[in-house]
Chemist: 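Attaching a single structure in structure tokens format; questions to follow.
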Amino acid sequence: MKNLLKVVLLSALLALLIVPMAAQENVPAPGEGGFIIEGYFGGSSVSSLNPLIANDSASNTIIGFIFPGMLSIDPATKLPQKGQDDALIIDWEISEDGLTYTYTMRTDWTWTDGTPITSADVQYYWDALSSGLVQGFAGTYYPIFIESVTTPSPDKFVVKFKEASCTALPIGTLGVVPSHVFPKDFAEINDMDYNQAPDVTGGVFNFSEFRPGEQFTLLANQNYGGAINGQVIPTGYIYLNVPDQNILIERFLAGDSNIISFVPPNRRDDVKAAAGIKTLEFSPGNVWDYLALNYADPTNPQSGYDENGNRIDQGHHPLFGDNRVRRAVALALNIDDIVDGAVFGYGQRMNAYQVPGTWGYPEDLPLIPYDPAAAIALLEEAGWVDHDNNPATPRIAQGAKYAPDGTPLSFTLYTNQGNSRREAIGAIVQDQLQEIGFEVNFQTVDFTTILDIIDGQTFDAFILGWGAGVLSDPDPTQLFSSQSDILGAGSNSVSYYNPVVDELMAKALNLPGCDPVERKAIYDEISALMQADLPYVPLYAITGFYAASEKVVPWTEFGGFPYDKIETWYVRQN
Amino acid sequence: MIRYIARRLLQSIPTLLGITILSYLLMSFAPGGPVRALLFGPNTRPEQLARVAAVLGLNDPIPIQYLRWLLGDDWMRWDSDGDGIADGSFILPLDADGDGIPEPPGMSKGFLRGDWGKSFIQRRPVDLIIAERIPATLELGVASLLVSIVVGLPIGIYAAVKRGRIFDNTTRVLAVIFNAVPVFWLGLVLIIIFGVLLKDANGGPFLPMGGRRPPTSVGLPPIWERLNYLILPTFVLATGGIAGFSRFMRASMLDVINQDYMRTARAKGLDNRTVWFRHGARNALIPIATFLGPSITGLLGGAAITEKVFSWPGLGQVGIDAVLQLDYPIIMAVVVISAIATILGYLLSDILYALIDPRIRFD
């Protein structure tokens with residue numbers, strides 16, 4: 001008994017000694033934490049490391065590392081927050097009319113050559129963009145919203161908008177470039193060496209090397225103004241081009257890279273099961289998928305309004321022009337099956353068009369139930385009958401609202417070729433709708449072709465997805481307002497028109513003070529209306545998923561931003 | 001011979017021009033268009049689409065767009081007094097958008113004057129983008145061609161000599177398999193075997209799974225220090241070549257092997273090796289020249305799929321990305337390079353053929 005007691009006491013003593021030793025891992029000296037290596041498959045065509053010119057996501061990822069962040073985001077609410085160390089802008093004021101935003105910047109943040117970052121750098125950014133001489137696409141975006149930018153002091157800049165909007169705050173933050181090394185003639189910006197080799201920057205890393213088609217190499221910037229404790233621990237960051245997604249995963253699993261920020265759902269279980277790998281799942285994920293149903297007559301596509309702002313008669317889709325048919329489609333789809341079949345369970349069902357995890361998501365709105373019996377009843381009520389009692393043949397119209405008698409309950413469903421997730425959705429939708437008497441002609445076409453079909457509004461239905469970013473505002477004006485129903489260009493290609501929704505969207509977008517609580521109440525109302533109208537049948541939002549080698553520590557994150565506090569990360573050497 | 005080459009080159013000019021016209025038309029009529037592909041998103045505004053189309057010159061009729069690519073636009077709209085505002089125009093209107101302000105003067109000189117334009121996506125000169133990628137493409141192409149020849153030709157000779165035996169039958173079957181196996185699949189299998197399953201002493205991949213050099217290397221090490229990066233992509237790219245060269249060589253050797261001079265050589269008492277290689281293979285190589293030209297063409301054309309599988313930073317990857325993104329200037333550059341390489345490859349074949357075989361004369 002005494003011996004047993006001794007063993008227990010000795011074990012406890014050893015445990016007390018070992019636990020703190022294990023916990024006190026030696027953090028490497030600044031700049032000696034090893035390379036964070038991430039593979040990406042977004043294509044080898046990187047546009048530019050100059051934020052005035054960059055056009056693609058790979059470039060913008062690198063720009064996010066080598067330039068200061070403008071706005072800090074609260075991890076909990078996903079809303080902009082004031083007074084934080086990780087962003088240049090620490091405060092802002094909005095005028096009563098909602099047109100003028102005055103931003104206050106930190107004054108102690110410098111470019112890598114020691115020059116302070118000031119409002120003059122924002123001013124240059126705007127002047128260059130609005131000149132029309134810089135060839136990046138940012139110059140085609142910001143001037144749509146912003147009328148002018150002025151700089152009353154080195155730490156303040158004032159942005160005047162053309163129209164008041166609650167989505168204006170992040171747009172007005174614009175960006176910064178080191179104006180003291182940029183040319184006075186904006187046209188010269190297009191051909192600067194800086195665009196591929198920026199030598200004066202201000203982010204967590206400095207640019208080191210660009211190997212076209214291979215990688216970017218960045219090195220720690222020990223003067224980074226947003227660093228915790230003023231230190232950047234990793235040696236650097238390498239962005240490795242791996243053009244094929246499957247090989248990207250294999251290379252990550254084999255240790256060729258040590259973090260990965262996009263793993264397709266079909267490989268997530270493999271990654272989770274791999275030794276030496278840690279994973280994180282979060283909401284909102286990157287993408288949400290939907291089934292879009294055309295309201296209007298696809299044989300005679302028209303914009304929503306003429307040049308004088310008068311409504312144009314767009315006709316009605318023979319099937320989906322009737323709300324009962326759209327509801328029947330939604331009720332007949334077992335979305336849980338779709339989540340399992342298309343994204344292997346890595347998806348969260350959506351009740352309308354807001355992404356779960358974003359601040360505009362209507363938690364109290366119930367999901368659309370799976371109820372094929374109710375769907376059949378709706379089809380019967382809408383005048384679509386099973387004339388031969390044969391479930392293998394489509395129903396036909398007998399007294400349907402917008403289809404002549406005898407019209408089969410048949411439509412073409414498109415999605416983009418090569419996207420296995422959406423191809424799986426299409427196959428499941430085809431099967432499930434066939435069970436209630438639809439005939440679905442499912443076609444996969446290449447991406448540019450489907451864009452042509454969508455813009456031309458000649459479709460019956462299609463499956464696509466939208467991205468959901470960290471700063472995802474719940475405003476759906478561009479997607480669903482009748483003003484966005486523009487043939488050949490507008491995003492409301494389904495020709496959805498509900499004057500009440502239009503009015504509510506405008507009210508929420510222009511709400512004085514832009515209080516998120518008040519806005520959310522309006523968006524909840526919009527969500528409920530749109531769930532009833534169903535311009536989109538909401539499917540799911542893919543769960544976010546990041547993975548890293550266990551050697552990468554501490555590796556923090558918050559939804560939608562995989563590099564949170566990257567300046568504290570390091571790679572264990574054993 | 002010089003006259004022959006000059007005539008062939010002159011004849012290729014209309015061919016090349018026809019290829020560019022056809023390619024531009026096909027590209028322009030592809031559904032979707034580059035602007036929408038570039039800016040497809042829920043918050044894209046119609047006015048933004050219009051502005052980007054104007055920036056890229058895509059609002060003009062297709063013949064004007066083609067002429068701009070071929071001959072530039074500095075003669076379509078110009079600034080004669082140097083104030084930066086266009087004051088004269090031909091074909092194009094001075095004020096295209098009708099806002100009362102003349103459009104900026106044309107700056108492009110066009111392909112024929114050495115200006116390959118700027119990439120729609122990267123906004124960088126196309127010739128620079130192409131020049132960055134050619135060394136990697138040539139490196140992989142030359143390595144795979146050498147392996148194809150060095151391995152393929154002896155296999156073909158030996159298979160012909162041992163006709164109907166196990167070696168011949170095995171190599172014929174293997175040649176068919178290697179010709180039929182998709183490069184993508186073979187690459188993936190090799191990556192899994194040599195990268196995932198087999199490990200080196202440090203627990204890392206036995207062979208690099210992609211890329212052209214170690215990510216943390218400084219600059220581009222000399223090729224002998226990074227031969228391990230070439231092994232897998234070279235093997236994958238060379239499999240088709242080995243199969244092709246061996247089958248071609250075998251057939252050619254079988255034609256030669258029953259010739260009178262081969263019998264004479266044997267009758268003179270020469271050993272088999274001398275008969276096969278000095279008398280047989282040398283003559284059998286003549287038809288191979290026709291195969292070599294197109295193979296050399298492939299060096300510049302790039303091996304798009306192999307480059308993609310092995311993350312090899314060559315021209316093929318640029319071409320694939322450009323096609324997917326409808327980046328017209330890069331697509332046109334890749335088309336022209338491939339067309340020129342094809343024309344030169346076949347010309348080289350003809351010249352080689354005539355040089356090797358004294359019975360052929362330039363006409």
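In this text, all values refer to a predicted model and were calculated from it rather than measured experimentally. Residue numbers start from 1 in every chain, and the chains themselves are labelled A, B, ... in the order their sequence lines are given, proteins ahead of strands.
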Chemist: Within the side chain of E47(B), is there an N or O that forms a donor-acceptor pair under 3.5 Å with the backbone of I144(A)?
Modeler: no
Chemist: With rounding to the nearest 0.5 Å, note down the distance linking CG in L188(B) to CG in N246(A).
Modeler: 6.5 Å
Chemist: For a quick test of reading the model, state the closest non-hydrogen atom pair linking R211(A) to P214(B) and the distance between them.
Modeler: NH1-O, 3.5 Å
Chemist: Between Q325(B) and D56(A), is there a side-chain donor-acceptor contact under 3.5 Å, judged purely by atom types and distance?
Modeler: no
Chemist: Looking at every heavy atom in both P46(B) and A489(A), which two are closest together, and how far apart are they?
Modeler: CB-CB, 3.8 Å
Chemist: Considering only heavy atoms, which portion of E132(B) lies under 4.5 Å from any heavy atom of chain A: side chain, backbone, both, or neither?
Modeler: side chain
Chemist: Heavy-atom distance under 4.5 Å to chain A: side chain of R124(B), backbone, both or neither?
Modeler: side chain
Chemist: State the CD-CD1 distance between Q122(B) and I53(A), to the nearest 0.5 angstrom.
Modeler: 12.0 Å
Chemist: Just verifying a value: how many Å separate M209(B) CE and F252(A) CZ, rounded to the nearest 0.5 Å?
Modeler: 12.0 Å
Chemist: Where on N492(A) is there a heavy atom nearer than 4.5 Å to chain B: the side chain, the backbone, both, or neither?
Modeler: neither
Chemist: Relative to chain B, which segment of E209(A) carries a heavy atom at a distance below 4.5 Å: side chain, backbone, both, or neither?
Modeler: side chain
Chemist: For F120(B), is it the side chain, the backbone, both, or neither that has a heavy atom closer than 4.5 Å to a heavy atom of chain A?
Modeler: backbone
Chemist: For E214(A) and P313(B), work out which heavy atoms get closest and say how close.
Modeler: CG-CG, 3.2 Å
Chemist: So which of A50(B), G210(B), P205(B) has the largest heavy-atom pair count under 4.5 angstrom toward chain A?
Modeler: G210(B)
Chemist: If you count heavy-atom pairs under 4.5 Å between each of F145(A), F447(A), F35(A) and chain B, which one has the most?
Modeler: F145(A)
Chemist: Looking at CG of D244(A) and NZ of K308(B), how far apart are the two atoms once the value is rounded to the nearest 0.5 Å?
Modeler: 5.5 Å
Chemist: With only heavy atoms counted, which part of N190(A) is less than 4.5 Å from chain B, the side chain, the backbone, both or neither?
Modeler: both
Chemist: Which bit of L479(A) comes within less than 4.5 Å of chain B, counting heavy atoms only: side chain, backbone, both or neither?
Modeler: both
Chemist: Please report the closest heavy-atom contact between S311(B) and R251(A), naming both atoms and the distance.
Modeler: OG-NH1, 3.1 Å
Chemist: Side chain, backbone, both or neither: which part of L220(B) has an atom under 4.5 Å from a heavy atom of chain A?
Modeler: neither
